[in-house]
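Owing to the predicted nature of the structure, the values given are computational and were not obtained by experimental measurement. Numbering of ligands and ligand atoms starts at 1, following listing order.
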Amino acid sequence: MTIILYYIPLSPPARAVLMTAEILGIDIEKREVDLSSGEHLSEEYRTLNPQHTVPTLVDGETVIWDSHAIIAYLVRKYGKNDSLYPKDYSIRALVDQRLHFEGSVVFISVRQIVRSMFFKGCKSISEEHRLNAYEALDFLDKFLKGKKFAAGDNLTLADISLVSSISSLNVIIPIDRQKFTNVARWFDEVSALPFYKANVEGLNDFKVFMTGLMS
Ligand SMILES: N[C@@H](CCC(=O)N[C@@H](CS)C(=O)NCC(=O)O)C(=O)O
């Protein structure tokens, strides 16, 4: 059965799903949603996902949105083992914490900057938004202290989710490598892994998009 992903390449959460599919070796049919014309607000799309967000995954009768729910589902259903989302209660709790942190802190810090530029026409980052981004980076730097990856010694979904938004934030506010040494080391490590190639095309589109908004 074909797995369908409604997405846009620019979207960090959509790119987290593409990277997860890449690492799991799953074939996904990608269907781009035209947010600029409001396709995501159409009745058809809102019947699928009343929250009208991308990414949304359709796997037969199963319809899931929110990247964190999607990537956990993909590993549970299609992973050859549980390494990306370990069943061990304590490790999974840590992965879950990082996933919630990505969704509620890091991604939001990127989104508020993008929205201020796209909807309000701001050409620069407000002090408040800059401080929010720095706070997110500071938290992550502390989480990564003494750890190779976001939830320990092994790569998990936490890294895949976080690298989608951190790589995007890095486009807008380049990571201060002196200040956030753990984030810089982790970002170099994760972005050198083969699955990261699934992030690159959309990230390049995001760069072009942000350059247009900032100039
Ligand atoms: N927490 C959600 C965030 C999804 C989200 O906000 N996606 C944006 C694009 S990056 C979107 O669909 N915006 C259109 C809308 O909210 O109507 C996830 O991880 O999937």
Side-chain angles (χ1 to χ4, degrees), residues 3-23 26 28 30-59 62-76 84-85 95-120 125 129 132-133 136 139-140 150-151 156-173 198-214:
I3 306 173
I4 300 164
L5 181 71
Y6 292 90
Y7 86 120
I8 55 168
L10 291 179
S11 159
R15 286 187 264 118
V17 177
L18 296 178
M19 286 188 275
T20 304
E22 174 72 28
I23 203 168
I26 307 170
I28 282 192
K30 294 188 275 179
R31 291 196 189 162
E32 201 161 334
V33 180
D34 186 359
L35 260 57
S36 62
S37 72
E39 194 186 344
H40 60 309
L41 302 175
S42 67
E43 203 174 324
E44 193 187 345
Y45 195 75
R46 281 188 295 136
T47 304
L48 199 62
N49 170 357
Q51 210 181 328
H52 51 76
T53 50
V54 289
T56 298
L57 186 97
V58 180
D59 185 12
T62 308
V63 181
I64 317 167
W65 59 93
D66 194 288
S67 61
H68 311 90
I70 296 172
I71 60 179
Y73 167 83
L74 290 176
V75 172
R76 285 198 204 101
L84 288 174
Y85 196 41
V95 174
D96 285 339
Q97 183 274 324
R98 298 334 190 204
L99 293 175
H100 287 287
F101 170 71
E102 193 282 333
S104 60
V105 179
V106 185
F107 173 69
I108 297 302
S109 77
V110 177
R111 190 179 75 159
Q112 62 188 6
I113 295 170
V114 175
R115 288 175 80 97
S116 74
M117 295 183 172
F118 188 72
F119 291 115
K120 297 188 186 151
I125 303 164
H129 290 172
N132 288 343
F139 284 138
L140 181 59
T156 65
L157 289 180
D159 300 288
I160 297 176
S161 179
L162 281 162
V163 84
S164 71
S165 51
I166 291 291
S167 60
S168 307
L169 184 59
N170 186 45
V171 166
I172 313 170
I173 303 175
N199 190 47
V200 172
E201 195 184 335
L203 184 65
N204 285 340
D205 289 353
F206 183 75
K207 275 182 201 156
V208 172
F209 175 71
M210 289 312 297
T211 306
L213 289 182
M214 289 195 266

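- From the protein, the heavy atom lying nearest to atom 1 (N) of ligand 1 is Asp66 OD2, 2.9 Å.
- If you check which protein heavy atom lies closest to atom 3 (C) of ligand 1, you get Phe107 CE2, 3.7 Å.
- In this structure, atom 13 (N) of ligand 1 lies nearest to the protein heavy atom Leu35 CD2, 4.1 Å.
- The shortest side-chain heavy-atom distance between Gln51 and Asp66 does not fall under the 4.5 Å cut-off.
- For atom 17 (O) of ligand 1, the closest heavy atom belonging to the protein is His52 ND1, 2.8 Å.
- Side-chain contact between Val17 and Leu74 is present, with heavy atoms from C-beta onward closer than 4.5 Å.
- Distance check: Met19 CE to Leu157 CG gives 11.0 Å after rounding to the nearest 0.5 Å.
- Thr56 approaches Thr53 most closely through the heavy-atom pair OG1-O, 2.9 Å.
- Ring planes of His52 and His40: perpendicular class, angle over 60° (limits at 30 and 60°).
- Distance alone, capped at 3.5 Å, is enough to place a donor-acceptor pair between the Arg46 side chain and the Leu41 backbone.
- When the heavy-atom distances from atom 16 (O) of ligand 1 to Asn49, Val114, Thr53, Leu10 are ranked, the shortest goes to Thr53.
- Contact check for Phe118 versus Phe209: side-chain heavy atoms found under the 4.5 Å cut-off.
- Against a heavy-atom cut-off of under 4.0 Å, Pro55 is close to the following atoms of ligand 1: 20 (O).
- The nearest protein atom to atom 14 (C) of ligand 1, hydrogens excluded, is given as His40 CD2, 3.8 Å; this is a heavy-atom distance.
- Of all protein heavy atoms, the one closest to atom 19 (O) of ligand 1 is Ser67 OG, 2.7 Å.
- For atom 10 (S) of ligand 1, the closest non-hydrogen atom of the protein is Ser11 OG, 3.3 Å.
- Atom CG of Leu18 is separated from atom CG of Leu5 by 6.0 Å, given to the nearest 0.5 angstrom.
- Counting protein heavy atoms only, atom 8 (C) of ligand 1 is closest to Val54 O, 3.9 Å.
- If you number the atoms of ligand 1 from 1 as listed, the ones under 4.0 Å from a heavy atom of His68 come out as 19 (O).
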